[in-house]
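Everything below concerns the one structure shown next.
Nothing here was measured: the structure is a model prediction, and the numbers come from that model.
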Amino acid sequence: MNVVNPSLTRKERVDSPPPGGYIECMSNHRSRRSGWHRSVILLTLIGAILALGWGTVGHFFINTRAVDNLPPAMSVFINAGSYFGQHASDADTRKGKDPTEAPKHFIDIESYAAFANLTPDLDSLRSIYGASNVTAIGILPWATVQTYDSLVASLRRGAIARAESIAADLGHYVGDGHQPLHVTVNYDGQLTNNDGVHSRYETTMINTYAAQLSVTTVPAAYVNNRFAYVLAYLLVSNSLADSVLRADTGAKSVSGWNGSGATPVTYTAELWNETRSLTLREMQGATVALADLWYSAWVDAGLTAASAPSAPENALPSSFSLGQNYPNPFNPSTRITYRLAAPGRVRLTIYALTGSLIAAPVDGVQSAGDHEIRFDGSGLSSGVYFYTLQQGRLAASKKMLLIR
């Protein structure tokens, strides 16, 4: 990993923020930079004035809908859905009091040359690049995992009220990670003449079209490597940032708005029209990821065992298996391997995160043994996809990540 030359000016440094950190303009509606070289008083004032993450509406939606993906065993969390919604933006509120909070909400991920291979060890990163530089770039993925660990600890000691508070915060960080402009250097379009897009996209647009937000239920699954999981959805989110910026430019053109004065209804309508699909995918991804992390914390706390598909007595032997695709993330093709313990009819299907069928590359009788197919994702947009293998009464499913 390399951080680009800190001697460059902010405008020149398209791939990196300044090493010392700064506080961005109020119009951004996100107290992203920690402002380590500013006074705590100034930070407090700005934190109190700036608007919130996805906006209170977006974060409320993610936190309340994620509980729909949880298993019945997590009734404590399921029943706390309204609490999670009401406290979805507590982490934003803390920005006005805690100068260490703001960097947890973003990461200018392109600032690291090898950002797809970030280390999970934040202390190691700080020792290499300097604490102030890492803070200025943002620590969202590490803050997410640290919050996850705190959730596990609280659940283990039976501190349910504390666990619910932490779970709400975790939802906020997961939500921020699915907002494309929280995961890019060009967070407010300041480098591409899209100034102010951050607030227009995540607050003005979302508040206007909140009634059209929707997600599909996807049962929560256990996550083995939390940091890799978080990094994967951050990479997807980052890949969508340019689409949001292009949509902003297009919406201005269609509406005839030059960016000055009140935002016209025609601009907001066109911005929604252009970003509706990717926004709903990110909302869907956020509810799935949050439920997965909540469920995994529940399992890691010893409150339940990770569930797995159970096979009836006449099912095929347990050596039936589905491998993780490689490479993952991929663009545009990837290899999927699987093993059959006996010959028979096999079906391998690819699904979007919404549950819609994308393809069925395998559907027929195959012999026992190891098999491999190559899936071509050309024509698909960046995002998380599921692939499922079925033979008789056995089934296995995994997630894969396409990044353009």
Side-chain angles (χ1 to χ4, degrees), residues 10-11 13-17 22-33 46 49-59 61-62 89 92 95 102 105-111 137-138 140 175-210 212-213 234-283 285-286 381-382 404:
R10 181 67 179 94
K11 190 65 177 177
R13 228 177 317 157
V14 175
D15 293 316
S16 177
Y22 51 85
I23 300 178
E24 64 193 46
C25 65
M26 294 182 189
S27 64
N28 185 299
H29 287 239
R30 171 165 67 143
S31 180
R32 300 176 77 247
R33 299 294 183 268
I46 291 178
I49 294 172
L50 296 181
L52 309 173
W54 258 115
T56 54
V57 172
H59 282 298
F61 178 84
I62 292 166
S89 292
D92 264 327
K95 292 177 184 176
H105 296 245
F106 69 93
I107 179 170
D108 295 341
I109 201 166
E110 310 99 323
S111 297
I137 293 170
L140 176 57
D176 281 349
H178 285 81
Q179 209 282 51
L181 299 181
H182 274 256
V183 195
T184 179
V185 170
N186 197 15
Y187 53 85
D188 198 31
Q190 75 281 1
L191 304 178
T192 51
N193 295 316
N194 298 99
D195 301 74
V197 64
H198 196 111
S199 175
R200 293 194 294 270
Y201 173 66
E202 72 174 15
T203 302
T204 305
M205 186 191 76
I206 292 296
N207 289 358
T208 302
Y209 292 96
Q212 295 188 35
L213 297 179
L234 291 179
L235 294 175
V236 171
S237 187
N238 171 264
S239 72
L240 299 174
D242 285 344
S243 295
V244 175
L245 297 171
R246 284 195 298 270
D248 175 68
T249 299
K252 286 179 180 177
S253 176
V254 169
S255 65
W257 184 51
N258 64 6
S260 300
T263 306
V265 173
T266 51
Y267 163 87
T268 305
E270 183 61 20
L271 184 63
W272 172 251
N273 181 57
E274 291 297 319
T275 64
R276 179 181 182 276
S277 178
L278 75 85
T279 300
L280 292 180
R281 287 201 307 272
E282 287 299 279
M283 287 290 183
S381 58
S382 296
R404 292 296 185 186

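For the 3.5 Å distance criterion, the side chains of T184 and N186 fail to qualify, holding no donor opposite an acceptor.
In this structure, NZ in K252 is found 10.5 Å from CG in L271, a value given to the nearest 0.5 Å. For the atom pair OH (Y187) and CD (Q179), the distance works out to 13.5 Å, reported to the nearest 0.5 Å. Taking CG of L278 as the reference point, atom CG of L240 lies at 5.5 Å (rounded to 0.5 Å). Summarising the geometry, atom CH2 belonging to W272 is positioned 5.5 Å from atom CD belonging to Q212; distances are rounded to the nearest 0.5 Å.
Looking only at distances, no side-chain donor or acceptor of S253 sits under 3.5 Å from a matching main-chain atom of T249. A distance-only check finds no donor-acceptor pair linking the side chain of S255 to the backbone of T266 [under 3.5 Å]. A donor-acceptor distance shorter than 3.5 angstrom exists from the side chain of N194 to the backbone of L245, with no hydrogens or angles considered. In this structure a side-chain-to-backbone donor-acceptor pair under 3.5 Å is present from H182 to H105. Between the side chain of D188 and the main chain of Q190, no donor-acceptor pair closer than 3.5 Å is present.
Nearest heavy atoms, N238 versus V183: ND2-O, 2.8 Å. Between V244 and T275, the closest heavy-atom pair is CA-CG2, 4.4 Å. Residues I137 and S111 approach most closely at CD1-CB, 3.7 Å, considering heavy atoms.
In this structure the side chain of T279 reaches within 4.5 angstrom of the side chain of I206, judged on heavy atoms. Counting only heavy atoms from C-beta outward, the side chains of R281 and V236 never approach each other to under 4.5 Å. F106 is not listed as a side-chain neighbour of D176, based on a closest heavy-atom distance of 4.5 Å or more. A heavy-atom distance below 4.5 Å is not found between the side chains of L181 and E202. D92 places none of its side-chain heavy atoms less than 4.5 Å from the side chain of T56. Proximity of E282 to S237: side-chain heavy atoms (C-beta onward) are separated by under 4.5 Å at one or more points. Contact of the I62 side chain with the M283 side chain is registered, since non-hydrogen atoms from C-beta on lie closer than 4.5 Å. Counting heavy atoms from C-beta on, the side chains of L213 and L280 come closer than 4.5 Å.
E274 pairs by the side-chain contact (heavy atoms from CB on, under 4.5 Å) definition with A247, E270, not counting sequence neighbours. Applying the side chain to side chain donor-acceptor pair (under 3.5 Å) rule to R246 yields the partners S243; only residues at least two apart in sequence or on another chain are considered.
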Exercise. Could you go step by step and tell me if H59 and S89 meet the side chain to side chain contact (heavy atoms under 4.5 Å, CB included) rule?
Worked result: CA-CA 7 Å; H59 282 298; S89 292; 3.9 Å; yes
For this session: Report the C-alpha separation of R276 and Y209 in whole Å, then their side-chain angles, then the decisive distance to 0.1 Å, and conclude whether the side-chain hydrogen bond (donor to acceptor under 3.5 Å, both in side chains) test is met.
Result: CA-CA 9 Å; R276 179 181 182 276; Y209 292 96; over 6 Å; no
